[in-house]
Amino acid sequence: MPEGPELHLASLYVNNMCAGVVFTGAVRKSEVSKNPDVPFTCEAYRITAASRGKEVKLTLTPMKSDDSKKRVKAGQADQPMEIVFRFGMSGYFCFTTEDELPKHAHLRFYSKEEPCRVLSYVDARRFGSWHPDGKWQPDRGPCVMFEYESFRENIVSHLSDRAFDRPICEVLLNQKYFNGIGNYLRAEILFRLNIPPFASARTVLDGLQSEDVFEDKKPLNNEITDTKTSDGDKQKQGKGETGDLLRLCHTVPLEVVNQGGKGYDPQKADYSDFQAWLQCYYVDGMTSIRDHNGRTMWFKGDPGPMAPKDSKAPKAKKRAKKEDDHDYTEEKKVASSASKKNAVKQETVTKAPKKETDAGSKEAVSKGRKTDKSREVNAPQHEKKPTARGKKNSSAEPTTGPQRRSERTTRQNSK
DNA sequence: CGTCCACGTCTAC
DNA sequence: TAGACCTGGACGG
């Protein structure tokens with residue numbers, strides 16, 4: 001759910017769902033949350049939202065009342081309050097009736113309706129946070145989607161920063177420069193330009209200008225153009241019709257925003273559109289290894305010179321999840337309508353069968369459970385292919401559906 | 001039932 | 001550069 005596009009869609013969701021809605025009372029926090037209390041109580045207020053990179057800001061605005069001039073009741077807010085949210089791995093906003101409150105609704109705003117509805121910040125894993133100070137996190141850079149010019153300028157003018165000493169795929173997750181880019185976006189962006197994920201960031205970015213020379217070019221074109229125009233070595237990416245790396249850090253997230261979350265029918269909201277949109281992340285036939293921070297990097301072809309030498313390949317499972325959680329597409333609609341859970345889309349990545357090279361034995365993974373990341377998995381050196389696991393359906397390709405992208409499992413071995 | 005994995009930061013050796 | 005912080009879904013036994 002939460003990379004720049006999802007945070008922005010969340011802000012649109014709040015603005016759509018809460019337009020015209022009057023909220024009242026105190027802002028309530030769940031017992032279990034360690035985030036700060038939000039000291040705001042008001043007889044009547046409205047809520048609006050805005051996003052910047054991977055943050056969303058809610059503005060609570062007190063409404064004027066006849067007696068507002070006279071005396072605001074003690075403890076009642078008369079000034080707007082702003083709260084900045086970061087979504088962690090599982091945060092999202094949801095507007096429901098009180099009895100439909102989802103599990104893990106950690107911060108709640110109650111409407112004045114009867115029966116009332118509640119705008120909730122929901123976060124199962126609780127990695128997300130909110131900050132009543134109302135400030136965008138100071139060290140985060142300009143939004144890749146909506147502050148494009150300053151985003152470019154910020155990078156071009158700081159290329160000497162040691163932060164760019166690292167592989168481009170790791171720098172893309174540095175929010176000081178790429179506010180809004182996350183794990184699926186970095187894979188999609190690098191894949192489209194055929195940039196080895198572990199190529200030096202500075203080398204890849206060197207020479208790019210603050211001004212986007214593709215500015216008035218046509219928006220984008222999904223062709224993968226594997227034209228591979230790279231005869232020479234100096235592949236200064238950026239040719240072709242898509243634009244340079246920085247431009248894609250802007251346009252690719254916007255493609256997700258423009259999908260609006262998915263189909264036209266909010267009730268059916270499933271994630272097949274999003275899955276169909278993915279060209280690399282978690283896509284069958286692609287390769288994946290863990291970067292130096294233990295995050296899985298999906299790509300195709302040459303990993304690049306700075307690839308972790310010991311590099312481990314992530315397991316290889318199946319996948320039938322939903323990428324884009326939460327359907328922020330619904331325009332306002334009565335929250336009470338029955339929403340049936342339609343079956344979730346299944347299908348998916350069956351790992352390509354491969355010969356499992358690993359010796360199996362080797363040093364046992366003595367460290368037991370670690371944490372979210374950094375699992376030591378012996379990687380078959382040559383082709384690190386995730387081991388195959390059972391395959392489910394999906395074998396035959398429906399004549400109609402585009403399904404999993406590129407069935408061209410062309411294994412373009414690097415060498 | 002147990003293991004592995006997940007759209008992200010944070011902070012402590 | 002490791003953990004820490006969390007819950008839950010998909011699989012495997």
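All values below were derived from every heavy atom in this structure, side-chain atoms included, with hydrogens, water molecules and symmetry-related copies excluded. To find a chain, count down the sequence lines: A is the first, B the second, and so on, and within it residues start at 1.
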### Query
How close or far is atom P of B:dC4 from atom CE of A:Met89, stated in whole angstroms?
17 Å
### Query
Does OP1 or OP2 of C:dC6 have a side-chain N or O of A:His104 closer than 4.0 Å?
no
### side-chain N/O A:Arg126 vs B:dT9 OP1/OP2, d < 4.0 Å
no
### Query
Does B:dG8 have OP1 or OP2 sitting under 4.0 Å from an N or O in the side chain of A:Lys54?
yes
#### Entry: side-chain N/O A:Ser90 vs C:dG8 OP1/OP2, d < 4.0 Å
no
### Message
Under 5.5 Å centre to centre and under 30° between planes: does that hold for A:Phe127 and the six-membered base ring of B:dT9?
### Response
no
### Query
In whole Å, what is the span from the CG atom of A:Asn35 to the P atom of C:dC5?
15 Å
### Between C:dG9 and B:dT9 - P atom distance, rounded Å
23 Å
### A:Phe87 CZ to B:dC10 P, straight-line distance once rounded to whole Å
14 Å
### Task
Taking only the side-chain nitrogens and oxygens of A:Gln175, find out if one of them lies under 4.0 Å from OP1 or OP2 of B:dG8.
no
### Summary
Taken to the nearest whole Å, CZ/A:Arg290 to P/B:dC5 is 5 Å
### Query
Distance only, no hydrogens: is a donor on one side chain within 3.5 Å (strictly under) of an acceptor on the other, for A:His106 and A:Ser30?
yes
### Task
Return no unless some side-chain N or O of A:Lys103 is found under 4.0 Å from OP1 or OP2 of C:dT7.
no
### Query
Between A:Phe299 and A:Phe191, is the ring centre distance below 6.0 Å?
no
### Task
Rounded to the nearest angstrom, tell me the gap between atom OH in A:Tyr281 and atom P in B:dA6.
6 Å
### Message
Between A:Tyr121 and A:Tyr92 (judged by ring centroids, cut-off 6.0 Å), do the two rings come close enough to count as a pair?
### Response
no
### Summary
Winner on side-chain proximity to A:Arg86, out of C:dG8, C:dC6, B:dC10, is B:dC10
### Message
Contact between A:Ser111 and A:Val22 at the side-chain level, heavy atoms closer than 4.5 Å - yes or no?
### Response
no
### Query
Which part of the nucleic acid, if any, lies within reach of A:Arg186 when heavy atoms closer than 4.0 Å are counted: base, sugar-phosphate only, or nothing?
nothing
### Query
In whole Å, what separates the P atom of C:dC6 from that of B:dA12?
14 Å
### Query
Below 4.0 angstrom from OP1 or OP2 of B:dG8, is there any side-chain N or O of A:Arg295?
yes
### Query
Closer than 4.0 Å, any side-chain N/O of A:Arg140 to the OP1 or OP2 of B:dT9?
yes
### Query
So, A:Glu98 side chain and A:Pro115 main chain: donor-acceptor pair closer than 3.5 Å or not?
no
### Task
Can you tell me the distance, in whole Å, between the NZ atom of A:Lys176 and the C1' atom of B:dG8?
19 Å
### Message
Please report whether the ring centroid of A:Phe274 lies less than 6.0 Å from that of A:Tyr184.
### Response
yes
### Query
Quick one: A:Tyr92 OH to C:dT7 P, roughly how many Å, whole number?
15 Å
### Message
Once you apply a heavy-atom cut-off of 4.0 Å, does A:Gln137 come out as touching a base, just sugar-phosphate, or nothing?
### Response
sugar-phosphate
### Query
What is the distance, rounded to the nearest whole Å, between atom CG of A:Asp139 and atom C1' of B:dT11?
15 Å
